[in-house]
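Contents: one structure, followed by commentary.
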Amino acid sequence: MRKCVAAAGATLLHIHLHHFEPNGGGPPASRWLAESHISIHSWPEANYAALDVFMLPAEAKPEACIPVLREAFRPKAHRGRRAPARGQGV
């Protein structure tokens with residue numbers, strides 16, 4: 001995740017990990033950035049992870065995270081969606 005933050009040109013403020021026990025799935029992880037945040041929620045038993053990359057494009061390059069994340073996770077398939085900037089409708 002640090003590589004993702006660096007590739008995007010973002011500023012890492014804090015990393016938070018939480019482990020659910022005993023079999024609550026993988027740890028949700030969040031990286032708090034000056035530009036917003038990156039979060040991961042995983043379900044290892046389903047071989048599934050959901051990643052959110054929220055950044056202000058004027059301050060960082062969120063799209064630069066995609067190749068870094070694909071290299072790190074090596075998914076069989078992925079689906080992405082770019083949300084409109086805050087205040088520009090949904």
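From Cys4, atom SG reaches atom CE of Met55 across 5.5 Å, with rounding to the nearest 0.5 Å.
Using a 4.5 Å cut-off between side-chain heavy atoms of Ile, Leu, Val, Met, Phe, Trp and Tyr, with links allowed through other members, Ile66 and Tyr48 fall into different hydrophobic clusters. Linking Ile, Leu, Val, Met, Phe, Trp and Tyr whenever their side-chain heavy atoms come within less than 4.5 Å leaves Phe54 and Ile15 in two separate clusters.
Counting only heavy atoms from C-beta outward, the side chains of Ile38 and Asp52 never approach each other to under 4.5 Å. Using a 4.5 Å cut-off on side-chain heavy atoms (C-beta onward), Leu69 and Val53 make contact. Put simply, the side chain of Ile40 reaches to within 4.5 Å of the side chain of Met1, judged on heavy atoms. Two residues are said to be in side-chain contact when any heavy atoms from C-beta on lie closer than 4.5 Å; His41 and Leu51 fail this criterion.
Taking every heavy atom of both residues into account, Ala64 and Pro67 meet most closely at O-CD, 3.5 Å.
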